[in-house]
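Along the sequence shown, the residues carry numbers beginning at 1.
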Amino acid sequence: MKKEIRLDFLQNPKINKEALVLPDFNFNSIAIKESKDEGFREKLRQRFNTNYALPFNFSSSGFIEFFLNFKEIYYTASLHYEIRTAITLLKNHIKSSMISLQDLDIKKIDKDADSDTLIIIPTINEDIFSINKIDEVCNATLALDISYSYRLKLALPKSHIYFINGATFGLLNGMGLILSHKIYTSGLYKKGISEAFCIALDSTIQTDSTNILLYEKLKENLGDDIDLFAKDFAPNTLPLRLKHINTRNLIQNLYLDDIYLQSSQECYLGFIKPSFTLLSLGFGQAKARELCAITFDKINDIDIVVSKITQSYTMIRLMEF
């Protein structure tokens, strides 16, 4: 059996079986303060210094309920697909405006806003993994998706609300966490979610600069045919641009060698659309499909990865001419 090389660490992490504590019953209201669940919630409150740490349905329906607390929403295109979907579904009910990643000036929005105005952005952008510089917000309500940042143990900016996608930590899809000073949701939640997060959030990762070494080695082989979609990307990530090809073909070819990576958020959610983030940045369909979004815990076989990506890219270029 060949050894798997996982380069989709943040997008498709290994299930954390230790953290999946199965409940005796299906649902439990947040209003029921059982001593065991409340103990884990207290640990989470202390960890993030918030009044509330509650399970959250990290899906479009969960975010729809959350967004109904506000009159106006400002957001970036680099949010998780489920968050963007919820905003789209509410476009006829709540005023919403997209903030450009090239001009992410939330102070300008905050100046004339109030608490009924929500600014929701990720600390690390989906697909291109660039890190957003986030100023403190005083007037509006600021909500941050910190899933990638916390998984990589990066410092967190100040915010009124934090969201964490449990899938990033090896929990099941839809399992989320909302950390805040007010209660914004009223749903029913399965028991054990808080306990699962207490276990999962303790999983550690040692960040390093292997991503730079990987890029440099690929650059030696492919020259001008390879570039980056962002310059200030997070550790253990690499927003590669493999020019002139649809990287979906390269990814499918690498699967045969048990090397797993993704082209964009849309890809790992099962769609064939190119990166919505790149399209919003002005890249055309063809260029957006050149994205190869690499994330990893640790790469022990960097020379094998470089060799296989180089071979696959060269083969696809020859086939397309």
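- Ion pairing of D202 with R47 is present here, as a side-chain N (NZ or NE/NH1/NH2) and a carboxylate O approach within less than 4.0 Å.
- Contact of the Y52 side chain with the L179 side chain is not registered, since no non-hydrogen atoms from C-beta on lie closer than 4.5 Å.
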_Between M175 and L20, is the side-chain contact (heavy atoms from CB on, under 4.5 Å) condition met? List the steps._
CA-CA 11 Å; M175 290 176 66; L20 293 177; 4.3 Å; yes
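- In terms of hydrophobic clustering, with Ile, Leu, Val, Met, Phe, Trp and Tyr side chains grouped at heavy-atom distances under 4.5 Å, I193 and Y162 are assigned to a common cluster.
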*Checking ring pair (Phe, Tyr, Trp, His ring centres under 6.0 Å) for the pair F58/F63: CA distance, chi angles, key distance, verdict?*
CA-CA 7 Å; F58 205 99; F63 281 101; 5.0 Å; yes
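- Under a 3.5 Å cut-off, the side chain of T247 and the backbone N or O of L291 do form a donor-acceptor pair.
- Counting heavy atoms of neighbouring residues, nucleotides and ligands inside a 6.0 Å radius, atom CG of N300 exceeds 12 of them.
- Between the D301 side chain and the I304 main chain, no donor and acceptor come within less than 3.5 Å of each other.
- The number of heavy-atom neighbours closer than 6.0 Å to NZ of K153, taken from other residues, nucleotides and ligands shown, is above 12.
- Electrostatic pairing of R317 and D225 counts as a salt bridge here, judged by a charged N lying under 4.0 Å from a carboxylate O.
- Between R241 and E290, at least one side-chain nitrogen of the basic residue sits less than 4.0 Å from a carboxylate oxygen of the acidic one, meeting the salt-bridge criterion.
- Under a 3.5 Å cut-off, the side chain of K243 and the backbone N or O of D224 do form a donor-acceptor pair.
- Heavy atoms only, all atoms of each residue included: L156 and S149 are closest at CD2-CB, 4.1 Å.
- Using modelled atom types, one finds a donor on one side chain and an acceptor on the other under 3.5 Å when comparing T310 with N221.
- The distance from the CD1 atom of I109 to the NZ atom of K111 is 13.0 Å, given to the nearest 0.5 Å.
- Side-chain atoms of R6 do not come within 3.5 Å of backbone N or O of Y260 as any donor-acceptor pair.
- Both I178 and L90 are members of a single hydrophobic cluster when ILVMFWY side chains are connected at heavy-atom separations under 4.5 Å.
- For the atom pair CE of M315 and CG of N249, the computed distance is 8.5 Å after rounding to the nearest 0.5 Å.
- Ring-centre distance between F67 and Y75: not below the 6.0 Å cut-off.
- For R84 and F276, the positive end sits near the middle of the six-membered ring, less than 6.0 Å away and at most 45° from its axis.
- Within the 4.5 Å cutoff, the side chain of N211 has heavy atoms near those of the S209 side chain.
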*Would you check, one step at a time, whether the test side-chain contact (heavy atoms from CB on, under 4.5 Å) holds for L142 with I134?*
CA-CA 10 Å; L142 178 64; I134 299 168; 3.9 Å; yes
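- Checked by atom type and distance alone, the side chain of H160 never pairs as donor or acceptor with a backbone atom of T141 at under 3.5 Å.
- The only option from I128, I294, L238 that meets the side chain to side chain contact (heavy atoms under 4.5 Å, CB included) definition with F233 turns out to be L238.
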*Before giving the answer on side-chain contact (heavy atoms from CB on, under 4.5 Å), spell out for I146 and I164 the whole-Å C-alpha distance, their side-chain angles and the decisive distance to 0.1 Å.*
CA-CA 6 Å; I146 60 170; I164 297 180; 3.6 Å; yes
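- S203 places a side-chain N or O within donor-acceptor distance of the main-chain N or O of A200, the cut-off being under 3.5 Å.
- Using modelled atom types, no side-chain atom of Q262 and backbone atom of L7 make a donor-acceptor pair closer than 3.5 Å.
- Side chain to side chain, S264 and S275 fail the donor-acceptor criterion of an N or O pair below 3.5 Å.
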*Working for side chain to side chain donor-acceptor pair (under 3.5 Å), residues T123 and N132*: CA-CA 5 Å; T123 49; N132 289 320; over 6 Å; no
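- Few gaps surround CD on Q102; more than 12 heavy atoms of other groups in view lie less than 6.0 Å from it.
- Side-chain contact check for Y313 and Q311: no donor-acceptor pair (N or O, by modelled atom type) lies under 3.5 Å.
- Between D105 and K107, none of the side-chain N atoms (NZ, or NE/NH1/NH2) sits under 4.0 Å from a carboxylate O, so this pair counts as no salt bridge.
- Comment: E220 does not engage K217 in a salt bridge, judged by the lack of any side-chain N to carboxylate O separation of less than 4.0 angstrom.
- Between S60 and E82, the shortest heavy-atom contact is N-OE1, 2.9 Å.
- L101 and I124 fall into different hydrophobic clusters, where Ile, Leu, Val, Met, Phe, Trp and Tyr side chains are chained together by heavy-atom contacts under 4.5 Å.
- D103 has no carboxylate O lying under 4.0 Å from a charged side-chain N of K108, or vice versa, which leaves the two without a salt bridge.
- Summarising the geometry, atom CG belonging to L177 is positioned 10.0 Å from atom OH belonging to Y150; distances are rounded to the nearest 0.5 Å.
- A donor-acceptor contact closer than 3.5 angstrom is absent between the side chains of Y81 and E126.
- Both I316 and I309 belong to a single network of hydrophobic side chains, linked directly or stepwise wherever heavy atoms of I, L, V, M, F, W or Y lie under 4.5 Å apart.
- Hydrophobic clustering keeps L279 apart from I87 (ILVMFWY residues linked when any side-chain heavy atoms are closer than 4.5 Å, directly or through intermediates).
- Nearest approach of L172 to I15, heavy atoms of both residues: CD2-CD1, 4.2 Å.
- Here OG1 of T117 is found 10.0 Å from CD1 of I73. Values are rounded to the nearest 0.5 Å.
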*Would I161 and L144 satisfy side-chain contact (heavy atoms from CB on, under 4.5 Å), going step by step from the backbone distance to the final call?*
CA-CA 6 Å; I161 303 165; L144 301 178; over 6 Å; no
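- If you look at F56 and Y184, their ring centroids are not closer than 6.0 Å.
- Here the closest heavy-atom approach between residue L152 and residue P235 is recorded as CD1-O, 3.5 Å.
- Summarising the geometry, atom OG belonging to S263 is positioned 6.5 Å from atom CZ belonging to R248; distances are rounded to the nearest 0.5 Å.
- Side chains of N253 and Y255: a donor-acceptor N/O pair is absent below 3.5 angstrom, by distance only.
- Side-chain contact between I119 and I99 is present, with at least one heavy-atom pair separated by less than 4.5 Å.
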*Show your reasoning for whether side chain to side chain donor-acceptor pair (under 3.5 Å) applies to S61 and N57.*
CA-CA 7 Å; S61 60; N57 180 8; 3.1 Å; yes
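- At least one donor-acceptor pair under 3.5 Å links the side chain of D110 to the backbone N or O of N139.
- Within the 3.5 Å criterion, the main-chain N or O of K71 finds no donor-acceptor partner in the side chain of D116.
- Taking the centre of each ring, F163 and F66 come in below the 6.0 Å mark.
- The main-chain N or O of F9 is found under 3.5 Å from a side-chain atom of T295 such that the two form a donor-acceptor pair.
- The side-chain heavy atoms of T210 and F296, taken from C-beta on, include a pair separated by under 4.5 Å.
- Taking the charged nitrogens against the carboxylate oxygens, D135 and K133 do have a contact shorter than 4.0 Å, which makes a salt bridge.
- Between Q11 and A293, the closest heavy-atom pair is NE2-O, 2.9 Å.
- In plain terms, the two heavy atoms of L240 and I226 that are nearest each other are CD2-CD1, 3.6 Å.
- Salt bridge status for D227 with K219: absent, with no side-chain N to carboxylate O gap under 4.0 Å.
- Note: L68 CG to I94 CD1 = 5.0 Å, rounded to the nearest 0.5 Å.
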